[in-house]
Amino acid sequence: MKIAVENLNRIRINKGFTYNDLAQITGYSKNSIQKLLSYNNNSKSRLDIVVKVCKALDVDFPSIFERGVGTYTAQGGLVYIGFDNDVGQEYYLKKFVNKVRIEIDNYTHYYLKTVSGLSESTISDLLNLKTKNPQIETLLKIAKGLEISESEMFR
């Protein structure tokens, strides 16, 4: 999540957005925005707020997990992919779950529990889409356990 926070802050600053601006646009409190964008972020943030901040900053959600997003090119433009306004948290959650299902096709939830350190009930709820707004930390643990980049898990 460290790379994502760095990228979001870089883009926020380059575009001239304050925490108040993002709070107003997203509907979340200034405190929630500050907590998300804190360099001490412990990934307890939920998927919905991260996706809404990406939308407010017009940056593609999966790309925030890649190094260098939001930096300036030699031509002076920001390097990032714009946000697709037709998608939201539900879209990215389904993409993630589908990717996990493909990756563990020949394995059990126990395997995913072992590689991610999460409980089988957490994994089951997530894969059955009972969990509508998971913590980013949960999703990143699964990606790490499956040895797939975070950005790839949402594409």
Side-chain angles (χ1 to χ4, degrees), residues 1-15 17 19 21-71 79-104 109 111-155:
M1 186 70 180
K2 181 181 177 196
I3 292 170
V5 169
E6 290 172 358
N7 287 335
L8 288 172
N9 273 308
R10 185 180 310 108
I11 294 165
R12 178 185 66 80
I13 292 166
N14 287 338
K15 290 188 169 195
F17 281 89
Y19 294 129
D21 294 335
L22 288 177
Q24 220 171 24
I25 294 167
T26 63
Y28 288 92
S29 69
K30 178 183 173 185
N31 188 41
S32 294
I33 300 294
Q34 284 177 310
K35 185 177 170 186
L36 167 65
L37 298 176
S38 166
Y39 288 105
N40 296 321
N41 184 320
N42 57 7
S43 303
K44 299 287 186 196
S45 299
R46 298 220 173 257
L47 182 60
D48 65 339
I49 188 172
V50 180
V51 170
K52 282 192 178 182
V53 167
C54 287
K55 186 174 186 173
L57 294 173
D58 188 33
V59 61
D60 182 50
F61 171 69
S63 70
I64 66 168
F65 298 100
E66 299 168 4
R67 289 203 179 278
V69 172
T71 57
V79 176
Y80 72 94
I81 302 168
F83 193 91
D84 182 349
N85 283 319
D86 294 335
V87 301
Q89 130 201 0
E90 232 178 86
Y91 172 83
Y92 289 116
L93 182 57
K94 286 179 182 176
K95 291 290 258 185
F96 182 89
V97 167
N98 288 336
K99 184 76 165 180
V100 171
R101 285 184 179 145
I102 290 167
E103 291 297 319
I104 66 166
H109 289 183
Y111 167 77
L112 196 52
K113 171 190 171 189
T114 304
V115 298
S116 68
L118 299 169
S119 71
E120 284 187 67
S121 64
T122 297
I123 292 165
S124 178
D125 287 350
L126 184 64
L127 294 182
N128 292 317
L129 296 172
K130 288 182 182 176
T131 303
K132 301 292 183 194
N133 191 21
Q135 290 182 351
I136 293 292
E137 174 185 39
T138 301
L139 304 178
L140 297 182
K141 282 181 179 181
I142 292 172
K144 184 177 180 180
L146 293 174
E147 297 178 352
I148 299 174
S149 76
E150 292 93 347
S151 63
E152 204 48 46
M153 290 300 292
F154 298 100
R155 294 195 194 278

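- Considering NZ of K35 and OH of Y19, their distance stands at 14.0 Å, rounded to 0.5 Å.
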Donor-acceptor pairs under 3.5 angstrom involving side-chain atoms of residues 117-124: please list them, not counting sequence neighbours.
{"residue": "S119", "atom": "OG", "partner": "S121", "partner atom": "OG", "Å": "3.2"}
{"residue": "S119", "atom": "OG", "partner": "T122", "partner atom": "N", "Å": "3.1"}
{"residue": "S119", "atom": "OG", "partner": "T122", "partner atom": "OG1", "Å": "2.8"}
{"residue": "S124", "atom": "OG", "partner": "N128", "partner atom": "ND2", "Å": "3.2"}

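- Among all heavy-atom pairs drawn from N9 and L37, the shortest one is ND2-O, 2.7 Å.
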- Message: Please determine whether side chain to side chain contact (heavy atoms under 4.5 Å, CB included) holds for the pair V100 and L126, giving the CA-CA distance in whole Å, both sets of side-chain angles, and the decisive distance to 0.1 Å.
- Response: CA-CA 10 Å; V100 171; L126 184 64; over 6 Å; no
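- Using a 4.5 Å cut-off on side-chain heavy atoms (C-beta onward), D58 and K15 make contact.
- Put simply, the side chain of L139 does not reach to within 4.5 Å of the side chain of M153, judged on heavy atoms.
- Side-chain contact between K2 and E6 is present, with at least one heavy-atom pair separated by less than 4.5 Å.
- Of all non-hydrogen atoms in S151 and P62, the two that sit nearest each other are CB-O, 2.9 Å.
- The shortest side-chain heavy-atom distance between L112 and L146 falls under the 4.5 Å cut-off.
- The shortest heavy-atom contact between Q89 and D48 is OE1-CB, 2.7 Å.
- The side-chain heavy atoms of L47 and F96, taken from C-beta on, include no pair separated by under 4.5 Å.
- For the residue pair V50 and S45, the shortest heavy atom distance occurs at CG2-CB, 4.2 Å.
- Taking NZ from K144 and CD from E137, the interatomic distance works out to 11.5 Å, rounded to the nearest 0.5 Å.
- For the pair K30 and A23, the tightest heavy-atom approach, listed with the atom from each and the gap, is N-CB, 3.7 Å.
- Remark: the backbone N or O of I64 is paired with a side-chain donor or acceptor of N7 at under 3.5 angstrom.
- Looking at Y28 and L36, their side chains never come closer than 4.5 Å, going by heavy atoms from C-beta outward.
- Nearest heavy atoms, R12 versus L22: CD-CD1, 3.6 Å.
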- Task: Any chance you could lay out the side chain to side chain contact (heavy atoms under 4.5 Å, CB included) test for R155 and D60, step after step, and finish with the verdict?
- Result: CA-CA 10 Å; R155 294 195 194 278; D60 182 50; 3.1 Å; yes
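- Here the straight-line distance linking atom CZ of R67 with atom CD1 of I3 works out to 3.5 Å at 0.5 Å rounding.
- For the side-chain contact (heavy atoms from CB on, under 4.5 Å) test, residues two or more places apart in sequence or in another chain that qualify with N98 are R101.
- Paired with T26 under the rule side chain to side chain contact (heavy atoms under 4.5 Å, CB included), one option of I33, L57, I49 passes, and it is I33.
- Within a 6.0 Å radius of CD in Q24, no more than 12 heavy atoms belonging to other residues, nucleotides or ligands are found.
- Ring geometry for F154 versus F65: interplanar angle under 30°, hence parallel rather than tilted (30 to 60°).
- Every salt bridge (charged side-chain N to carboxylate O under 4.0 Å, His left out) that K94 has, sequence neighbours left out, goes to E90.
- At a threshold of 4.5 Å between non-hydrogen side-chain atoms, the residues L8 and V59 count as touching.
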